[in-house]
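Just so it is clear, the model here is predicted, and its values are computed rather than measured. Residue indices begin at 1 and follow the sequence shown. Note that ligands are numbered from 1 as they come in the structure, with each ligand's atoms numbered from 1 the same way.
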Amino acid sequence: MPSLHDRVLAVRTRLDDAATAAGRDPRDVRLLLATKTQDATTVLDAVLAATEVAADRGDDGPVLVGENRVQELVAKAPALTDLVTAGRVEVHMIGALQRNKINQMLPTVTGLATVDRWSLAEAVAQRCVRDGRVLDVMVQVNVSGEPSKGGADPSGAAELATRVAALDGLRLVGFMTIGANTPDEAEVRSGFARLREIRDEVVASGAPGTGDARELSMGMSTDLELAVAEGATIVRVGTAIFGQRPPV
Ligand SMILES: *Cc1c(COP(=O)(O)O)cnc(C)c1O
């Protein structure tokens, strides 16, 4: 089994190659470590590996970590607290969020990528205002329409994002999606293109708070090249770095 460092480097090379093939600057594509089911020690090891790989290419930005469940966020948060405080790590919630978990989640995250409905946005915003903070959020869009996936319907996503952008306590930084679960690459790509079009529409609207909504969080271990070709700025990778997860 190659080391974590070698696997992070291999993924980083895939991202760089995909960016170059698409005529994009590889530095515009960031890697997010999708750490669900990994224990805190493994997460920390992966963060250190990613920090090294980044440093070797002259990138001293924070390492991005994404968790899917509030319970795991809370359990692993202590291992990352110092790095988060130092600005070396950002922790993003990338899984479905229930309203009754917002208070537990907030102290452990720097960003929330799964705002998919107005009631959730309002509830998170209210608590951020109460806490005197501004949370980076993305609107999650279900571009494939698969019922198993979270995300707002694409037809209403731009309007939702515009309303979210105007809320105090939140900063809309972009959009997130999970690619269609199909071997048909054209279908996967068209979903990613749809997310880009929604992003472009919202940014071009000039509506209050939409000016920072540039991120496109899309692509995972198996479809990251397609996502980068369609403009991904954050790619969320688990399996290609940590190996197969045990079935849940
Ligand atoms: C697990 C997960 C990933 C990573 O998927 P892999 O196929 O393991 O790379 C990315 N995004 C989300 C939302 C996930 O839940």
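Here is the list of ligand 1 atoms found below 4.0 Å of a heavy atom in V237: 9 (O). Distances below 4.0 Å separate heavy atoms of A34 from the following atoms of ligand 1: 3 (C), 4 (C).
Considering all non-hydrogen atoms of both residues, A240 and R14 come closest at CB-NH1, 4.2 Å. The two residues V65 and L32 make their nearest non-hydrogen contact at C-CG, 4.1 Å. Contact between V141 and A157 at its shortest, heavy atoms only, is CG2-CB, 3.7 Å. For the pair G169 and C128, the tightest heavy-atom approach, listed with the atom from each and the gap, is O-CB, 3.4 Å.
L120 is listed as a side-chain neighbour of I102, based on a closest heavy-atom distance under 4.5 Å.
Protein heavy atom at the shortest distance from atom 10 (C) of ligand 1 is M220 SD, 3.1 Å. Among protein heavy atoms, the minimum distance from atom 8 (O) of ligand 1 is reached at T239 OG1, 2.5 Å. For atom 13 (C) of ligand 1, the closest non-hydrogen atom on the protein side is I94 O, 3.4 Å. The shortest contact between atom 11 (N) of ligand 1 and any protein heavy atom is with R236 NE, 2.8 Å. For atom 9 (O) of ligand 1, the nearest protein heavy atom (residue, atom name, distance) is S221 OG, 2.5 Å.
The option with the heavy atom closest to atom 15 (O) of ligand 1, from among V235, T222, N68, T177, is N68. The heavy atom nearest to atom 2 (C) of ligand 1, out of those in R245, K149, K36, is found in K36.
Look at K76 and E72 and you find a salt bridge, because one of the NZ, NE, NH1 or NH2 atoms lies within 4.0 Å of a carboxylate O, short of that distance.
Taking distance alone, with nitrogen or oxygen atoms compared against 3.5 Å, G238 approaches ligand 1 more closely than that limit.
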Evaluation steps, salt bridge (charged side-chain N to carboxylate O under 4.0 Å, His left out), between R214 and D212: CA-CA 6 Å; R214 273 175 248 104; D212 292 335; 3.7 Å; yes
